[in-house]
Amino acid sequence: MNMTKAKHLRLAVLASGRGSNFLAIQKAIDEGKLDAEICILLSDKEDAPALDKAKQLGIPAVSVLPRSFYNKEAYEKEVVHQLASYDIDIVVLAGYMRLLSHVLLEAYKMRVVNIHPALLPSFTGLHAQRQALEYGVKYSGCTVHFIDEGMDTGPIILQAVVPVLDEDTEDTLTDRILAEEHRIYKEALQLIASGCMKVDGRRVMIVNDEQGVK
Ligand code: GRF
């Protein structure tokens with residue numbers, strides 16, 4: 001996909017859980033802040049609340065269960081098959097709790113994005129907010145990034161900083177980070193939609209046609 005040309009994005013959202021980022025993205029679309037449409041929501045769980053939320057919005061929602069497949073590659077081949085008929089531009093991981101294999105990554109090279117609830121490269125993996133609290137950092141936040149074969153290692157698109165307060169618990173910090181997740185995920189997707197993004201190795205730069213890098 002050419003990221004320096006504006007395009008109405010056809011999105012597939014992959015979610016394992018409650019789906020608040022999915023809803024925030026759909027809200028931005030409804031409000032005209034994101035030139036995109038969510039064509040399908042796919043979950044690796046049969047009972048993910050995100051599935052019901054998608055159905056209520058009339059968005060095709062399917063679950064593909066890893067345990068029904070021989071291995072991860074076979075599972076992801078089915079995921080790719082499910083997405084194939086929707087002509088998807090960007091695969092949006094929104095609380096999708098699995099590392100991707102080469103099958104999805106090759107099918108959607110540099111077209112899979114994720115949100116992580118910490119300032120990468122700090123606090124990768126699970127319970128990032130708890131890790132930040134236990135480490136004692138004064139600032140944490142969230143990161144939207146492309147997915148590569150590592151865990152939370154792909155090129156960073158946008159980040160937002162959230163202060164860690166003395167009185168914070170894991171829950172309060174998680175809530176404040178989540179509010180920022182909802183803000184920057186839609187903004188990162190709109191950057192892609194608007195054709196204002198240039199990727200040079202690990203560096204993702206925001207460009208505009210007339211002036212080059214802003
Ligand atoms: C978010 O905190 C996201 O950063 C992480 O998983 C959580 C998903 O929340 N990857 P939701 O399902 O979007 O509400």
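Whatever order the structure lists ligands and atoms in, that order sets their numbers, starting from 1. The residues of the chain are indexed from 1 along the displayed sequence.
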Exam field: side chain Arg10 to backbone Tyr86, donor-acceptor pair closer than 3.5 Å: yes

Protein contact to atom 10 (N) of ligand 1 [nearest heavy atom, distance to 0.1 Å]: Ile115 O, 3.1 Å

Residue and atom name of the nearest protein heavy atom (relative to atom 8 (C) of ligand 1), distance in Å to one decimal: Gly95 CA, 3.5 Å

Heteroatom distance test (Gly17, ligand 1): nitrogen or oxygen, under 3.5 angstrom: no

More than 12 heavy atoms of other groups within 6.0 Å of Lys77 NZ: no

Main-chain N/O of Val161 paired to Glu180 side chain as donor or acceptor, under 3.5 Å: no

Heavy-atom nearest neighbour of atom 2 (O) of ligand 1 within options Glu181, His182, Arg18: Glu181

Least distance between heavy atoms, Ala15 atom then Ser43 atom: O-OG, 2.7 Å

His102 atom NE2, neighbour heavy-atom count above 12 within 6.0 Å: yes

Taking atom 12 (O) of ligand 1 as the reference point, the nearest protein heavy atom with its distance: Gly19 N, 2.8 Å

Electrostatic pair Lys27-Glu31, nearest N-O below 4.0 angstrom: yes

Flag, side chain of Gln131 to backbone of Thr124, donor-acceptor distance under 3.5 Å: yes

Numbered atoms of ligand 1 (with element) below 4.0 Å of Pro117, judged on heavy atoms: 4 (O)

Min N/O separation Phe22 to ligand 1 under 3.5 Å: no

Backbone or side-chain N or O of Asn21 under 3.5 Å from ligand 1 N or O: yes

Nitrogen or oxygen of Ser20 less than 3.5 angstrom from that of ligand 1: yes

